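What follows is a single structure, written as structure tokens, with notes after it.
What you see is a predicted model, and the numbers here were worked out from it, not measured in a lab.
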Amino acid sequence: MNKPLININIVKMGVLMISSLAIGVTTTMLNAKADSGYTVVKKIAGNNPDSAYHLTNASKNAYLWNSNHTKVKANLKNYKNYSWRYYDQKVILSHHSKKSVYYYIQGITPNGNEASKIRGIVWHGYLTPGVNPNYKQLNNIDYRYFNTDSEYLNYIKKSPSQELTRKVLKLFPNTQLSIKLTKAANGSSPWAWSSPTVDGYKNILEFPTVQRYFNKRFYKPNISDNTRFKVIKDGLDKSASQTKRNALDQYQIGIYYYNNSHRLIDDEAPGFTIAIPDK
């Protein structure tokens with residue numbers, strides 16, 4: 001019996017149509033999976049990497065997305081003791097014709113590590129300016145991220161890493177702590193690199209013999225904080241008695257200390273500065 005002839009061209013065309021349909025379906029599925037329904041309207045670059053935020057509500061879901069808002073990278077409520085470094089970079093997104101502002105952020109771990117791999121964009125409404133207020137859980141947070149004297153003082157009072165700082169401040173009981181002076185002195189030891197001048201301040205008091213004991217990376221990293229404090233106090237007692245220190249009520253003090261030498265970088269100058277605001 002003769003077998004019926006098959007038109008090869010028709011078969012080829014059918015195969016092509018089926019392949020094209022399969023590819024089209026696959027592509028549609030991939031696009032649907034990647035599309036979060038958000039459109040990037042504008043990306044705004046900034047130049048200030050020294051701002052910190054924390055969650056407004058640490059028990060509420062706050063999703064961190066990739067830069068195009070197509071993939072969730074983390075739920076920030078799972079990082080309750082983190083602070084979030086804000087790079088002054090924003091993304092404006094559109095969703096159902098409604099625009100919203102997202103901040104580009106990076107995690108600062110409770111132990112002060114700024115190089116966290118947890119980074120992305122988050123809706124700005126989930127964030128509040130300032131370092132995470134769980135100060136008892138924080139260590140070695142950089143002074144740059146504090147905005148007010150009270151924030152910085154509360155951190156110093158409660159952080160386990162700031163025992164030495166607390167003791168040194170008690171040696172100047174009538175001298176007000178100043179985060180502004182701390183920042184102006186770039187770590188509060190301006191004589192570490194050049195002449196001791198600080199913009200906006202006058203009558204700077206120098207204590208060069210004790211400043212080196214604040215820097216654990218470059219000077220006696222293995223001595224305890226208790227020993228370090230004893231050496232600092234002995235040096236201060238020789239150059240300025242407690243009576244003289246008590247009289248510094250017109251002065252402010254900026255101070256900065258890490259108790260972990262591995263968290264220091266080359267251009268940081270831990271120590272303290274005492275000066276009068278140049279009003």
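A donor-acceptor pair under 3.5 Å links the side-chain atoms of Arg166 to the main chain of Ile156, judged by distance alone. Of the possible donor and acceptor atoms, one in the side chain of Asn66 sits under 3.5 Å from a partner among the backbone N and O of Lys71. Proximity of a side-chain donor or acceptor of His54 to a complementary backbone N or O of Pro133 within less than 3.5 Å is not detected. Using modelled atom types, one side-chain atom of Asn139 and one backbone atom of Ser161 make a donor-acceptor pair closer than 3.5 Å. The backbone N or O of Ile179 sits less than 3.5 Å from a side-chain atom of Asp149, completing a donor-acceptor pair. Between the side chain of Asn113 and the backbone N or O of Thr109, no donor-acceptor pair lies under 3.5 Å. In terms of modelled atom types and a separation under 3.5 Å, the side chain of Lys183 and the main chain of Phe146 share a donor-acceptor contact. Judged by distance alone, the side chain of Lys202 and the main-chain N or O of Pro277 form no donor-acceptor pair under 3.5 Å. For the pair Asn75 (side chain) and Ala62 (backbone), a donor-acceptor distance under 3.5 Å is present. Distance alone, capped at 3.5 Å, is enough to place a donor-acceptor pair between the Thr273 side chain and the Ser188 backbone.
Nearest heavy atom pair, residue Val198 against residue Ile204, reads N-CD1, 3.5 Å. Of all non-hydrogen atoms in Ala184 and Asp199, the two that sit nearest each other are CB-O, 4.0 Å. Residues Ala52 and Tyr145 share a closest heavy-atom pair of CB-CB, 3.6 Å. When every heavy atom of Val168 is checked against every heavy atom of Phe214, the shortest pair comes out as CG2-CZ, 3.9 Å. The nearest pair of heavy atoms linking Ile118 to Leu64 is CG2-CD2, 3.7 Å. The nearest pair of heavy atoms linking Asn111 to Asn140 is O-CB, 4.2 Å.
To the nearest 0.5 Å, atoms CD1 (Ile141) and CD (Glu114) are separated by 8.0 Å. Here the CD-OH distance, from Gln137 to Tyr82, works out to 13.5 Å after rounding to the nearest 0.5 Å. Atom CZ of Arg245 and atom CD1 of Ile253 lie 10.5 Å apart (nearest 0.5 Å). Considering CD1 of Ile255 and OG1 of Thr175, their distance stands at 11.0 Å, rounded to 0.5 Å. Atom NZ in Lys80 sits 14.5 Å away from atom CG in Leu76 (nearest 0.5 Å). Taking NE2 of His124 as the reference point, atom NZ of Lys90 lies at 10.0 Å (rounded to 0.5 Å).
Between Leu138 and Tyr155, some side-chain heavy-atom pair lies under the 4.5 Å cut-off. Using a 4.5 Å heavy-atom cutoff, the side chains of Ile105 and Arg119 are not in contact. A heavy-atom distance below 4.5 Å is not found between the side chains of Tyr87 and Ser51. Inter-residue side-chain proximity for Arg144 and Arg85 is flagged as met; some heavy-atom pair is nearer than 4.5 Å. Looking at Phe218 and Pro270, their side chains never come closer than 4.5 Å, going by heavy atoms from C-beta outward. Contact check for Leu205 versus Leu248: side-chain heavy atoms found under the 4.5 Å cut-off. Side-chain contact between Ser100 and Trp123 is present, with at least one heavy-atom pair separated by less than 4.5 Å. You'll find the side chain of Ser94 stays beyond 4.5 Å of the side chain of Tyr38, heavy atoms only.
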Intermediate values then yes/no, side chain to side chain contact (heavy atoms under 4.5 Å, CB included), Tyr251 and Asn174:
CA-CA 8 Å; Tyr251 285 74; Asn174 299 316; over 6 Å; no
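Ring centers of His69 and Tyr102: under 6.0 Å apart, within the cut-off. Taking the six-membered ring where the residue is Trp, the centroids of Phe172 and Phe272 are separated by under 6.0 Å. Under the 6.0 Å cut-off for aromatic ring centres, Tyr103 and Tyr126 do not qualify, their centroids lying 6.0 Å or more apart. Two rings, from Tyr143 and Tyr152, have their centers 6.0 Å or more apart. Between Tyr256 and Tyr258, the distance from one ring center to the other falls under 6.0 angstrom. A centroid separation of 6.0 Å or more is found between the aromatic rings of Trp84 and Tyr86.
The side-chain contact (heavy atoms from CB on, under 4.5 Å) test applied to Asp225 returns Leu164, Lys216, Arg228, Tyr257, Asn259, not counting sequence neighbours. Residues satisfying the side-chain contact (heavy atoms from CB on, under 4.5 Å) criterion with Ser224, sequence neighbours excluded, are Asn226, Thr227. With sequence neighbours left out, the side-chain contact (heavy atoms from CB on, under 4.5 Å) criterion links Pro173 to Gln242, Asn246.
Salt bridge status for Asp234 with Lys230: present, with a side-chain N to carboxylate O gap under 4.0 Å.
The environment of NZ in Lys180 is sparse: at most 12 heavy-atom neighbours from other residues, nucleotides or ligands sit within 6.0 Å.
Looking only at atom types and distance, the side chain of Thr165 has a donor-acceptor partner in the side chain of Gln162 under 3.5 Å away. For the 3.5 Å distance criterion, the side chains of Ser241 and Asp237 fail to qualify, holding no donor opposite an acceptor. Side-chain contact, Asn132 with Asn134: a donor N or O sits under 3.5 Å from an acceptor N or O.
Both Tyr63 and Val101 belong to a single network of hydrophobic side chains, linked directly or stepwise wherever heavy atoms of I, L, V, M, F, W or Y lie under 4.5 Å apart.
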